Each structure stands twice: as C-alpha cells, then as structure tokens.
Amino acid sequence: MKNGIYSLIFRSDGEDFGSGILVVKDDLVNGGDSIYSYKGFIEEDRLILNLAKHNMDSHSLFGNLGVLKLNLVFHDDTQGYILKGNIENIQTVPLLVYAKFIGDLIEL
C-alpha cells in the first residue's frame with residue numbers, strides 16, 4: 001500500500017458495520033475508530049492489523065473481544081484499495097474493507 005491516510009469502510013455479509021482511519025508509513029500502519037485502535041504491518045499484498053478495544057461501553061460486531069487480529073489481502077482500486085479476509089480464529093466472519101486514499105503524509 002502507498003504511504004498515506006485512508007478512510008476505511010468495513011463490510012461483512014453485504015452490510016456496512018463501521019468506519020475508521022488508517023495511516024500507512026513504510027509498511028507500518030496505525031489508525032482507529034470510535035471503538036478500536038489499530039496497529040499493524042504490510043507484507044507484500046497482506047495487511048496484518050491488530051485491533052485493541054478502547055471503548056468497552058460500545059457494541060461491536062466482534063462482541064466483547066478486547067483484542068483482535070485481522071488478516072487481509074489487498075489489491076488496487078480506483079480510489080485506493082479493497083481488502084478481503086477475516087478475523088484470525090473466527091473465519092466464519094468474512095470481512096471486506098474499502099480503503100479510500102484521502103491524503104498524503106507530511107514529509108520533513
């Protein structure tokens with residue numbers, strides 16, 4: 001994935017269930033949303049993303065799990081990337097994530 005800032009839309013079983021922001025810098029990623037913080041890394045065409053729940057009062061599609069690991073394979077799209085995969089150890093929940101490129105990172 002190209003370095004930059006991305007707006008994420010999460011989908012499963014044809015339904016949108018969340019959105020967030022992802023920042024990519026030299027194959028390292030960070031981001032978050034109103035329920036989870038994200039950190040991870042990119043290996044070739046795979047994004048390994050660890051989610052840590054920071055808002056325990058919010059309901060999540062993933063239930064009460066405090067820590068999750070997403071394994072996603074990505075490919076280019078006209079506005080950024082499409083990522084497909086699942087939650088590690090919960091393969092029954094297929095994930096589709098749209099990552100729209102929304103900005104460059106500042107270079108010092």
Side-chain angles (χ1 to χ4, degrees):
M1 290 179 79
K2 174 183 159 187
N3 285 349
I5 305 166
Y6 296 85
S7 172
L8 303 179
I9 301 293
F10 293 89
R11 297 194 73 160
S12 185
D13 293 329
E15 299 282 328
D16 289 358
F17 69 89
S19 61
I21 296 291
L22 190 71
V23 176
V24 176
K25 173 75 170 144
D26 299 332
D27 292 335
L28 297 176
V29 298
N30 290 283
D33 58 39
S34 63
I35 302 173
Y36 292 96
S37 63
Y38 320 147
K39 62 182 176 180
F41 58 94
I42 296 168
E43 287 182 339
E44 298 178 13
D45 66 343
R46 290 181 7 155
L47 171 61
I48 309 302
L49 198 58
N50 295 290
L51 280 62
K53 193 170 185 181
H54 63 78
N55 185 348
M56 295 302 179
D57 296 329
S58 265
H59 171 72
S60 166
L61 176 72
F62 308 126
N64 290 327
L65 297 173
V67 177
L68 301 165
K69 184 175 182 179
L70 306 184
N71 296 302
L72 303 166
V73 175
F74 61 85
H75 66 272
D76 292 351
D77 183 52
T78 56
Q79 295 186 0
Y81 298 90
I82 296 176
L83 303 94
K84 294 180 182 180
N86 55 41
I87 304 164
E88 191 168 274
N89 300 321
I90 309 178
Q91 282 76 21
T92 58
V93 180
L95 296 176
L96 180 63
V97 182
Y98 295 97
K100 179 182 177 184
F101 182 82
I102 60 171
D104 290 311
L105 301 177
I106 189 168
E107 297 291 334
L108 298 177

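These figures come from a predicted structure and were not determined experimentally.
Between the NZ atom of K2 and the CG atom of D104 there is a distance of 5.0 Å, given to the nearest 0.5 Å. Considering NZ of K100 and OG of S19, their distance stands at 12.5 Å, rounded to 0.5 Å. To the nearest 0.5 Å, the span separating CG on L72 from CG on N86 amounts to 8.0 Å. The distance from the CG atom of L22 to the NZ atom of K39 is 14.0 Å, given to the nearest 0.5 Å. To the nearest 0.5 Å, the span separating CE on M1 from CG on D76 amounts to 9.5 Å. Note that CZ of R46 is 10.5 Å distant from CZ of F74, once rounded to the nearest 0.5 Å.
Proximity of V29 to Y38: side-chain heavy atoms (C-beta onward) are nowhere separated by under 4.5 Å. N71 has its side chain within reach of K69: a pair of non-hydrogen atoms, C-beta onward, lies under 4.5 Å apart.
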### Task
May I have the step-by-step check of side-chain contact (heavy atoms from CB on, under 4.5 Å) for L95 and I87, ending in yes or no?
CA-CA 8 Å; L95 296 176; I87 304 164; 4.0 Å; yes
### Task
Dump the intermediate steps for side-chain contact (heavy atoms from CB on, under 4.5 Å) on L68 and Y36, then the final yes or no.
CA-CA 9 Å; L68 301 165; Y36 292 96; 3.7 Å; yes
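The main-chain N or O of I82 is never found under 3.5 Å from a side-chain atom of D77 such that the two would form a donor-acceptor pair. At least one donor-acceptor pair under 3.5 Å links the side chain of K53 to the backbone N or O of S58.
Of all heavy-atom pairs between D33 and H54, the closest is O-NE2, 3.0 Å. Contact between L83 and A99 at its shortest, heavy atoms only, is CD1-CB, 3.7 Å.
Other cluster members for L28: F41, I48, joined by side-chain heavy-atom distances under 4.5 Å among Ile, Leu, Val, Met, Phe, Trp and Tyr. Under a 4.5 Å side-chain heavy-atom cut-off, the cluster of Ile, Leu, Val, Met, Phe, Trp and Tyr residues that includes L105 is completed by I5, I21, V23, I102.
Partners of K84 by salt bridge (charged side-chain N to carboxylate O under 4.0 Å, His left out), not counting sequence neighbours: none found.
In this structure, Y98 is not a member of the same hydrophobic cluster as Y6, with clusters built from ILVMFWY side-chain heavy atoms closer than 4.5 Å. Linking Ile, Leu, Val, Met, Phe, Trp and Tyr whenever their side-chain heavy atoms come within less than 4.5 Å puts L49 and I42 in one cluster.
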